[in-house]
Amino acid sequence: MAISDTTGGMDTTAGELHEEHHHGPAKGIGRWLFTTNHKDIGSLYLWFSLLMFLTGGVMALLIRAELFQPGLQLVEPGFFNQMTTMHGLIMVFGAVMPAFVGLANWMIPMMIGAPDMALPRMNNWSFWILPFAFAMLVSTLFMDGGAPNFGWTFYAPLSTTYAPPSVTYFIFAIHIMGASSIMGAINIIATILNMRAPGMTMMKLPLFVWSWLITAFLLIAVMPVLAGVVTMMLMDIHFGTSFFNAAGGGDPVLFQHVFWFFGHPEVYIMILPAFGIISQIIPTFSRKKLFGYASMVYATASIAILSFLVWAHHMFTVGLPLVGELFFMFATMLIAVPTGVKVFNWVATMFRGSLTFETPMLFAIAFVVLFTIGGFSGLMLAIAPVDFQYHDTYFVVAHFHYVLVPGAIFSIMAAVYYWLPKWTGHQLNETMGKLHFWLSFVGVNITFFPMHFIGLAGMPRRIPDYALQFADFNMVASIGAFIFGFSQLLFVWNVIQNVRSGEKATSQVWEGAEGLEWTVDSPAPYHTFSTPPKVD
Amino acid sequence: MSHILKRWWRTLLGVLAGFLGVQSERRRQEDFKEGRAIHFVVVGLLMAAVFVIFVIFLVRWALSLSGA
Amino acid sequence: MGMIRIISRSFPLTLLPLTARAEWTLNLSPGVTEISRSIYDLHMTIFWICVAIGCVVFGIMFWSIFHHRKSRGAKAHHFHEHTLVEVIWTLIPLGILVAMAVPATATLVKMYDPKDAGLDVQVTGYQWKWRYQYLDQDLDFFSNLATPREQVSNEQAKSENYLLEVDRHLVLPTDTKIRFLLTANDVIHSWWVPALAVKKDAIPGFINEAWTQIDEPGIYRGQCAELCGKDHGFMPIVVEAVPPEEFQQWLADAKAEKAAAAEAANRSWTLDELMQRGEQVYLSSCAACHQASGEGLPPAFPALKNSPIAVGDVGAHIDIVLNGKSGTAMQAFRDQLDPVELAAVITYERNAWGNSTGEAVSPTQIADRLGAAAEGEGN
């Protein structure tokens with residue numbers, strides 16, 4: 001998205017007024033391969049994430065096409081399982097996480113008045129190993145025995161003793177993704193702690209920066225746990241250990257404990273940056289300061305610790321002792337409230353503001369409403385005795401898609417629309433943006449709302465074919481999925497169109513926007529804040 | 001001596017505010033001016049342990065009430 | 001690679017309206033046990049709490065979206081914190097949830113009390129079928145999906161209980177506390193019957209406990225709830241609840257049937273008889289992996305057509321069917337099938353799809369083999 005920095009002649013004239021624009025990017029492919037510029041790397045992350053989003057989306061559409069009617073029409077059950085697995089892995093590790101890292105790369109230095117990330121060479125490395133990880137993961141589709149088929153949660157022993165041979169590639173790919181995430185996180189922490197402009201105290205950090213700082217610590221804490229669990233799998237598969245093999249004295253449930261010890265903080269890794277983004281956008285379009293900034297910061301910080309104490313609420317049916325069930329139920333309920341009520345803060349920010357509804361704001365409002373619905377089903381799932389009925393049904397699928405699609409993904413889209421004029425120097429095409437929003441909003445609800453019903457009616461998740469009483473709502477969900485899926489082509493078109501042309505954007509872009517990133521030109525020059533700005 | 005105690009007490013209050021998810025702007029200013037990050041981390045971890053113990057007692061109490 | 005199989009001839013059929021339709025539902029079923037009803041009540045309570053909170057939050061939000069828009073001349077007010085309000089709106093939901101935790105805990109405590117059960121049933125998950133052992137009753141059988149493969153591949157109209165029907169029901173007495181002991185033979189499965197509100201993972205190497213007491217006679221259907229491989233969607237559970245007297249009768253009948261089957265192993269069987277029986281057994285027990293065509297799904301599930309095992313030494317063939325092959329999905333069928341079924345299916349595999357060995361394996365041959373193995377274990 002930074003391409004326009006070099007191409008638009010009109011744009012460079014604006015940049016020349018500033019001395020920081022004394023040298024631009026390198027030419028050709030080398031620019032992208034060897035770049036250490038936070039904006040270039042941010043763009044690489046974002047484009048990569050978009051590619052993965054579309055790849056994972058195609059897999060989702062294949063799943064929904066198969067589930068359009070009862071009976072097997074398109075794919076074999078074995079391939080169906082490969083699709084659900086790859087869809088989950090690609091969306092979590094390939095689409096959502098890199099998109100947030102991309103946004104962090106682009107925006108954090110500009111928001112805190114830093115010239116670049118603290119560790120630019122490592123920044124390059126942490127991006128460039130990602131395409132290899134995913135190329136390896138996707139290549140398993142073409143291997144003998146097929147791709148991983150054990151679900152994105154890869155429970156042992158299905159993922160060890162009974163796994164296809166490609167599981168080894170999957171393990172290696174996870175290791176690389178983990179290394180990339182850890183390096184990205186270290187870089188973000190180092191940047192925020194050391195590179196702030198004079199006067200930009202911790203107290204003044206924009207909420208997006210705060211939420212990413214905490215997310216980065218979470219990443220450093222849990223990615224090694226994930227690496228550990230896949231290494232234990234590797235040992236079981238190739239080196240004769242029995243960590244998870246009951247026949248060798250191992251414990252299949254241990255796998256789930258370790259996995260969810262990573263997995264629950266991972267949920268917050270995917271939602272905290274979204275909280276940050278929404279906390280930037282809603283004040284802008286409400287023309288009013290965020291309500292309860294202090295509370296937001298404190299609550300987010302405490303999540304970093306408390307999110308480690310509730311992992312087994314994903315495992316209520318594995319046969320935990322009663323004491324364990326009660327512990328994790330109580331802990332989950334107690335922790336959910338203080339984090340969940342942050343929604344009230346966004347509503348209070350809008351209350352008595354002066355609201356306008358540009359595309360980023362529409363996505364942000366949809367985020368608040370639909371994420372809250374996901375939060376409600378989360379509350380229901382926290383009630384352990386009832387979870388025995390919900391667990392591993394489409395109700396759970398509805399729940400986590402509500403928090404991840406109109407949650408995390410909508411926040412990413414809101415962020416892209418919000419900051420795109422800053423990146424490209426072109427004003428947004430509001431008509432097209434709003435069209436994309438409404439199609440996505442309608443599509444997402446048609447897709448995922450009926451999943452609550454089929455889940456409650458008794459349809460287990462991860463099945464390629466189903467009983468007849470689930471037929472009607474599955475058909476509705478599939479239609480919604482295709483509406484949602486194809487409307488994302490509009491998103492791609494909007495972004496490309498905006499990169500290529502559009503009305504010239506001002507520095508501030510949005511009337512109510514506040515913060516350092518809005519003081520630099522649009523498009524942001526290749527090097528910003530070479531001389532630190534003064535913040536008072 | 002009382003000064004150090006007061007600082008830890010303030011830190012503790014800050015951490016508890018975090019657990020509740022509510023903090024006032026004035027308190028936050030004070031925390032960030034006078035507090036030290038490492039204190040917050042240490043107290044935060046301690047309070048997380050206290051939280052775990054609290055929930056364990058809650059569970060035991062609930063079980064004793066229900067007679068299981 | 002055969003990643004995508006277009007079942008071309010099935011397309012015209014799929015466009016037809018489905019012959020059987022089932023009533024869809026929006027909500028959890030209240031079920032037929034005390035536990036399932038209290039779970040349903042909890043579910044409805046928390047649901048209405050969420051609806052109420054949602055109405056308040058979204059109500060305020062939409063009110064400001066409508067009234068506080070710039071186009072209506074709204075000017076932003078500059079307030080941005082109110083600690084007391086924040087504390088109140090945090091404590092109210094916290095209080096509601098704490099109140100919610102009380103009945104939830106009570107229900108959970110009841111669910112965890114399997115004492116004084118009148119009947120113990122061991123449930124074992126296999127890829128992709130369930131085994132039910134009535135402990136202390138000397139009764140033990142497997143329950144396989146009964147929906148014909150043609151219905152799955154859309155070559156036949158779907159029946160009313162499509163994918164929720166099995167060859168042998170788990171018959172249970174009503175008004176009796178039944179304890180389930182759950183485990184698995186290969187990967188993790190999860191035994192779930194919504195009407196009983198029993199869902200418990202069946203984990204290899206573990207024995208989990210659950211219990212139920214069914215109030216009303218009837219047929220209750222469920223499915224495996226934990227991804228367990230290729231045919232995870234094809235291992236349903238059917239519970240048939242009958243009054244206790246009827247259950248005793250059924251138990252006696254089932255035992256008599258088992259004795260008769262053992263008797264049948266002693267008479268001699270013709271090749272045709274074995275082939276006919278063998279085909280049935282093959283389709284219900286083997287075709288999921290090795291396919292009805294015998295061509296398998298290599299590499300995980302090898303072909304039997306022209307395979308060295310199926311046309312080679314008969315002893316090796318019997319051995320692999322009886323004992324399985326460790327490290328692969330090939331299970332030991334010695335306990336899953338009786339000697340007649342084993343003999344029939346081996347005979348079928350050696351003579352179907354152009355495997356023309358002409359050999360018939362007799363049930364007595366199998367019984368001897370099993371007997372010898374049992375003796376060996378005894379020593």
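Residue numbers begin at 1 in each chain, while the letters A, B, ... track the order of the sequences. Just so it is clear, the model here is predicted, and its values are computed rather than measured.
With respect to chain B, the highest number of heavy-atom pairs below 4.5 Å among C:L91, C:T90, C:L94 belongs to C:T90.
The number of heavy-atom neighbours closer than 6.0 Å to CZ of B:R7, taken from other residues, nucleotides and ligands shown, is above 12. Atom CD of C:E34 has 12 or fewer heavy atoms from other residues, nucleotides or ligands within 6.0 Å. At most 12 heavy atoms of other shown residues, nucleotides or ligands fall within 6.0 angstrom of atom CH2 in B:W9. More than 12 heavy atoms of other shown residues, nucleotides or ligands fall within 6.0 angstrom of atom CG in C:D41.
Of residues 14-22 of chain B, those residues with a non-hydrogen atom less than 4.5 Å from any non-hydrogen atom of chain C are, in numerical order, B:L20, B:V22. Residues of residues 39-57 of chain B never come closer than 4.5 Å to chain C when only heavy atoms are counted. Annotation: residues 50-86 of chain C contacts chain B through C:E81, C:T83, C:E86 [non-hydrogen atoms, separation under 4.5 Å].
Remark: B:F32 engages A:W210 in a ring pair (Phe, Tyr, Trp, His ring centres under 6.0 Å) (not counting sequence neighbours).
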